[in-house]
Every structure is written in structure tokens, then in C-alpha cells.
There are 2 protein chains.
Amino acid sequence: MEAVGRLAGVSQVTVSRALNNPSKVSAKTLERIKNAIELTGYVPNMVAGALASKRSHLIVALIPSITNFAYSEFIKHFIQVMRGYGYHVLTAETGLSQEEEESILATMLSRRPDGIMMTGINHSAKCKRMILGSGIPVVEIWDITASPIDTCVGFSHAKSGEETAKFAYEKGYRHALAISAGDERALRRKDAFCDTFNKLTQNQVDEICLPGQASLELGRSSLAQAIENGFKSGVVMCSSDLLAHGVIIEAQTRHLKIPQDIAVIGFGNQNFAAFTAPALTTVKVDRAYLGSQAAKVLMTRIDQKPLENKCIDIGFEIVARDSA
Amino acid sequence: MEAVGRLAGVSQVTVSRALNNPSKVSAKTLERIKNAIELTGYVPNMVAGALASKRSHLIVALIPSITNFAYSEFIKHFIQVMRGYGYHVLTAETGLSQEEEESILATMLSRRPDGIMMTGINHSAKCKRMILGSGIPVVEIWDITASPIDTCVGFSHAKSGEETAKFAYEKGYRHALAISAGDERALRRKDAFCDTFNKLTQNQVDEICLPGQASLELGRSSLAQAIENGFKSGVVMCSSDLLAHGVIIEAQTRHLKIPQDIAVIGFGNQNFAAFTAPALTTVKVDRAYLGSQAAKVLMTRIDQKPLENKCIDIGFEIVARDSA
DNA sequence: TTGTAAGCGTTATCAC
DNA sequence: GTGATAACGCTTACAA
């Protein structure tokens, strides 16, 4: 900056102003500084800038898994919108474990982010203490609660499970199998589905809880296992589209007709959901909208502007296709 | 740090040393400092640390797409290994465009990363100039070249296409269709496949080049289109497993037998590849290994240690399953 | 083993 | 509109 200033015939401070507050610098000097920057190949140092201004222009984002399409698509949009605001997003994987989240957050906090994005609303007490202690704005996503740490943008997983059960009931299904990944939110959807379906039909729902992440493989093996255990026909509620696709493939391998013998409902409305054979009935959550809303909410907190609503429910929608 | 020092009865510098060079501090004071840190809830400031030491402990990683499983799985491992080294990874999406890469790199450089990871070996001249000018170590991944910007870890895409063609020929296929996404590396695989297959069989390979990213949908529509244009039977080489899965689904919808009527070969060996029906023959690239190797190479450059090999070929492997 | 002093490259505050 | 000066919270010599 010093060198740029020398070349432009101004002081270092004026260069700083030209970069951050161009309106406070005369047009002539602005031009000369611009040229000097071009000539010297000057690259601003955000590290020094962050230290001096106490604004890192950095957001820390914590998601359970980068390879999981649901989260990666959300974070993609979140990053995009944040980039528009002049922010970089440092993403980290927590793997659904509170301890991991805690330990990662601790090191991330030393980067002095201007904002934090966390997935879900269940965090350890120590985690909350660290955040509250830092005074950094937070947005919790992918779920909603009346008492967020700071703000939240998401939807009700219980309601989603409930609506799925009602949908299945209205479609005429009276027997059901629920296949769910082991994470807390998926389980909440499954439980709500089972409760509601049970109330409506008086029939107990068969349940399969998977360890770890959902996959095509687990979808296939789960249906196989259920059939072995006596499941004959009905609707299969899956905690993700990937599991649902696995169920479809396994059913077809066994020459079962979909949706006549076995109907399938997924969750997530992933890109492929409309193109399985038959096309998958699923629950759609607008992840792009979620990303941009989360970014907006976080930014208004960072800018200390008034926020109408600390919590935003972006809802969900059941997309009826051919599999159920 | 000052406050921690006061509480522990030492100077601020000693606290710094206790944190970065504990061996140079006596056990007693170390203990007192540890307690003081606990009591004050002190959180180190890496921004200040980075400015003073000129080490940001930050790596910038540029990938074409976060939602693409191939890249997200790689980056997941890269981040994990880097975390073990005490580094954070700032990931950004370039979307296969050199201009995007350039503009993103420019802003990222102002974070003063200690290392840079880029996808592919084709970058704009300005991009290379910026990197070379900054003097920051770079590792280019997912491809190989004899003349990397700095270092590279990957495999030969041309060779992969070639081997795929040889495999198909040896399996007895004499007619082929190649479906490829529009990105440069996928096209290189496709071209090599077509050339080699052509030489072996004297038969021209049908080709479909897709705009944009691969998807189940495009796999299905591509096969449909090829059949309409007269493709009757043979092997279908796809630039990704997702496309291949789409081809399988479309073929089954049309009651074509796999691999008898239509054989399918994918690329990537994604998690689901072994669990499609029939299981997908594909090209496996060890993305976890790629991630850890890239991290290792970059770290030895950052630590200015000698490097045996600037370029590492991690190879690939054709995994024969039931689809071809 | 510990402390002192001088930066690191910016921004913020004030004066001109 | 522009410039001097003092932070920002650390690390790195160097001295004790």
C-alpha cells in the first residue's frame, strides 16, 4: 500500500481509503491510485485489514457432511449469496457428532468469523457458551425452534413426517414400512410418520433404523430385510431419496410392482427423483431458498440491522409422482 | 493474552510461547498458564497470529463444483488431512470457467493462504501469473502434466479412456456409444475412448456431448436420443456413473437386456455403482488417496522440505461388474 | 527459562 | 480531500 501510494503521489492512508471508501477520495487521485495498483500488481492483505477493523469478512459454516447432496447444495447457495456480500465461507464437517462440532468450532472461533452458520438446533451446552461468549451472530438452519441461539431458518421435521403419513393414508395405503438413517432429524421425521400413520390406520408401522449415512445399498438391503421379516406390501417411507431409490431398485429386482405392490416415498427431492423409474414421490425442501434466506438473516445480524423475525419457516412440499 | 499472562504471573510473550512452543516453557508456568486460559476463557486470535508470523494456516481450495460427488468426496479427505496438519481449508467453486477461477482466486489471494489447491491443469495465463507472483505453493489435482505450475497429483484421463476402450473390446463389444458431459477432462476421456475403439474395431463410435453437468436425467435422455438415431446395441461409455445409471434405467424402461442388448460402463465408482441393478462396471479413482496425497505434497512444499516427485500419478482401475 | 522491543499491513481517529 | 499517528493482538529477534 505504501508503494502504491508513493507511485500515485499520495500517502498510504489515501490508498486504503480509495479501496474502502472511494467516495471520500477525489476522482483524480482515485484514477492515479487505480493505475498504480495495476502497475504494482498490489494485492490487498485481508489479514491485516481484519486485524485493524475487527471485521474478518469470514463466515464459518458447520454442516454434518459435505458429500451429502442435501447439505452441499444448500451450502453452495449460501456461499454464493455470501460472496455477493463480500464474504468468504469457511466450511467444516461435523459429522453429526456434538463433540466434533465443539472441537471444530473452538478452532474456527480463533479465525474471528463475523458470522456462524450451524446445521440443526441441537448443540452442546459448551458449544452454546462459546458462541454466546464470542458475541458472534449465528444462524441455525435446516430445522426450526422457538428458542434459537440467535436466529434460525428451516422447517419442521415432525410436520414433514406427519404430512407424509397423511398423504400416504389419503392415497389409500394402510400398511407401512419406515426406513430411516440414524441422524436425529431423520428419526424425528420417521417418528412423526409412524405416530400419525398409526393413529390413522390403527396399524403398527414396521421400522428399520440404519446406522450411519443413507445410501442406495442400505435402501436395497433394508427392503430385503423387511420382506424377509414378513413385510408383504404397502407404502415405504424413506428418510432420504437415496434410500428410496435403493428400495425401488430392490423391489424391481424382486419383480414387485411399484406402486401396486410396494409404494415408495422419499425425502429431499434430489435432482434424480423425477427420473427414477417410476418417478419418485418425495418431500421437497427448497435448499436454494434456504441458503439465500440463511445468508440474508445472518447478514442483517452482522450489520446490526433490525430483524423482523428471528425464525423463518421455509416449509416443505410433498411432490406426488408415480412411486406412491 | 496479556490478561492470561497477568493471571499466570508471566508476560504476554510467555503465554504465546506456551501455546506455540510449549517445550520452551517450564512445566510449572505451563501449568499455570493452562489454568489461566481455562479461567479467562481465552480464545487465540489467528488473525493477529497470521499477520505477525506471515503464516495464515489457511489453504485455498478451488473445485469446479461442491455438489458433484467426485469433488466433494475428494475435498472431504483433503480437508480432513489438512486439519490434522493444523490447517483450515477455504473452499470455493469455480464452475469449470477460467474467468470465475481467476476472479475467485484474486479475492482469495488477499487472505494470504499458505497453500493453494486447484482442480485440473488448465488455467488462464493471468491465473498462473497471480500464483507465481504470490510465491504460494500450489498443488493441481485430478489430472497430470509434465509441467505443473508447482506440483500435481492425479491421473491420465486419456489413458483412462483408452483402457476403457480396450476393456470393452476384449469383452467382445464391437459397437459403441459414448456419452460425455461437456467438461474438458470428460471430453478427453471420451475422445481417447473413441479413438482407441475405432482403431480396434474399425467401427465409428456414436457420440453424444452434453451441455452442463451430468445427471440421471441426461443419461436417460441421451440413450433415448441415441436409440432414436439408430443405435441398436453395443456398449455405452459414459463420462460418469450418474449418466451410466441413467442409461441403465432408460434401457430397462425399454425392456432392453443389460449387458446383452446394451452394455454400460461408467466412470468414478461412486458409492452406488456396486448397487445398481445390474451392478455397474466403472473406472475407479481413489479419491480418498488423492485427497491425502495432495495434502501431503502441498504440506512438504509449505514446509519447504525436499520433494521427490513434483507429479504423482495415482492411476485408476477398471472395476468389472455386471453391466459390461 | 523468561522478558523487552520492534514489527506484521492494515483501519480508525483526529487534525489540517 | 488528505495525512499523521495510534492501535489491532499477535510473533520474532534479541537480551537478560
Side-chain angles (χ1 to χ4, degrees), chain A residues 1-34 36-37 40-58 86 88 107-114 133-136 302, chain B residues 1-34 36-37 40-58 86 88 107-114 133-136 302:
Chain A
M1 235 177 205
E2 191 80 51
V4 172
R6 254 198 310 275
L7 203 72
V10 293
S11 77
Q12 171 263 125
V13 222
T14 307
V15 179
S16 171
R17 253 194 299 260
L19 258 22
N20 304 314
N21 248 327
S23 67
K24 302 212 164 206
V25 176
S26 81
K28 280 181 288 185
T29 48
L30 216 56
E31 183 62 26
R32 269 184 296 142
I33 288 174
K34 223 180 81 185
I37 287 177
T40 53
Y42 167 76
V43 178
N45 186 330
M46 286 187 86
V47 179
L51 181 62
S53 68
K54 292 167 185 269
R55 278 193 140 235
S56 58
H57 289 270
L58 224 212
H88 289 156
T107 72
M108 290 291 178
L109 246 25
S110 61
R111 294 267 173 206
R112 295 293 187 271
D114 293 339
S134 74
I136 300 170
I302 291 174
Chain B
M1 233 176 205
E2 191 80 53
V4 171
R6 255 199 309 274
L7 203 73
V10 293
S11 77
Q12 171 262 125
V13 224
T14 307
V15 179
S16 170
R17 254 194 298 259
L19 258 22
N20 303 314
N21 246 328
S23 66
K24 301 210 162 205
V25 175
S26 82
K28 277 181 289 185
T29 47
L30 215 56
E31 183 64 23
R32 270 183 297 142
I33 288 174
K34 222 180 81 185
I37 287 177
T40 52
Y42 168 75
V43 178
N45 186 330
M46 285 187 87
V47 179
L51 182 62
S53 67
K54 293 168 184 268
R55 279 193 139 234
S56 59
H57 289 271
L58 224 211
H88 289 157
T107 72
M108 290 292 179
L109 246 25
S110 61
R111 294 267 173 207
R112 295 295 187 270
D114 293 339
S134 73
I136 300 170
I302 291 174

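Naming: A, B, ... by sequence-line order, numbering from 1 per chain.
- Less than 4.0 Å separates DNA chain D from at least one heavy atom of each of the following residues of residues 43-50 of chain B: B/N45, B/A48, B/G49.
- A/S16 pairs by the side-chain contact (heavy atoms from CB on, under 4.5 Å) definition with A/M1, A/Q12, A/N20, not counting sequence neighbours.
- Here the NE2-OG1 distance, from B/H57 to A/T107, works out to 12.0 Å after rounding to the nearest 0.5 Å.
- Boundaries of the chain B contact region on DNA chain D are D/dG9 to D/dT12, first to last in 5' to 3' order (nucleotide atom under 4.0 Å from a heavy atom).
- By the side-chain hydrogen bond (donor to acceptor under 3.5 Å, both in side chains) test, A/T40 is found to be paired with no residue, residues two or more places apart in sequence or in another chain being considered.
- Rotation axes derived from the C1' atoms of the five outermost pairs at either end of the helix from C/dT1-D/dA16 to C/dC16-D/dG1 lie 30° apart, to the nearest 10°.
- With sequence neighbours excluded, the residues forming a side-chain contact (heavy atoms from CB on, under 4.5 Å) with A/I37 are A/V4, A/L19, A/I33, A/Y42, listed by chain and number.
- Counting heavy atoms from C-beta on, the side chains of B/T14 and B/S11 come closer than 4.5 Å.
- Under the side-chain hydrogen bond (donor to acceptor under 3.5 Å, both in side chains) criterion, A/S53 pairs with no residue at all, not counting sequence neighbours.
- For the pair B/Q12 and B/A52, both in contact range of DNA chain C, the more 5′-proximal nearest nucleotide belongs to B/Q12.
- Proximity of a side-chain donor or acceptor of A/N21 to a complementary backbone N or O of A/K24 within less than 3.5 Å is not detected.
- Residues from residues 14-29 of chain B lying near DNA chain D, meaning a heavy-atom separation below 4.0 Å, are B/S16, B/N20 in numerical order.
- Residues in residues 44-56 of chain B take part in these salt bridge (Lys or Arg N to Asp or Glu O under 4.0 Å) pairs, two or more places apart or across chains: B/R55-B/D303.
- Of all the heavy atoms in A/L30 and A/A18, the pair that sits closest is CD1-CB, 3.7 Å.
- Smallest separation of non-hydrogen atoms from A/A50 and A/S56: CB-CA, 3.7 Å.
- Heavy-atom contacts of chain A under 4.0 Å fall on DNA chain C between two terminal nucleotides, which in 5' to 3' order are C/dG9 to C/dA12.
- With B/V47 as reference, A/R112 is the one residue of A/R112, A/M46, A/R111 to meet the side-chain contact (heavy atoms from CB on, under 4.5 Å) rule.
- Sorted pairs that involve residues 11-22 of chain A and meet salt bridge (Lys or Arg N to Asp or Glu O under 4.0 Å), not counting sequence neighbours, are lacking altogether.
- Residues meeting the side-chain contact (heavy atoms from CB on, under 4.5 Å) test with B/I136, sequence neighbours left out: B/L109, B/P113, B/I116, B/S134.
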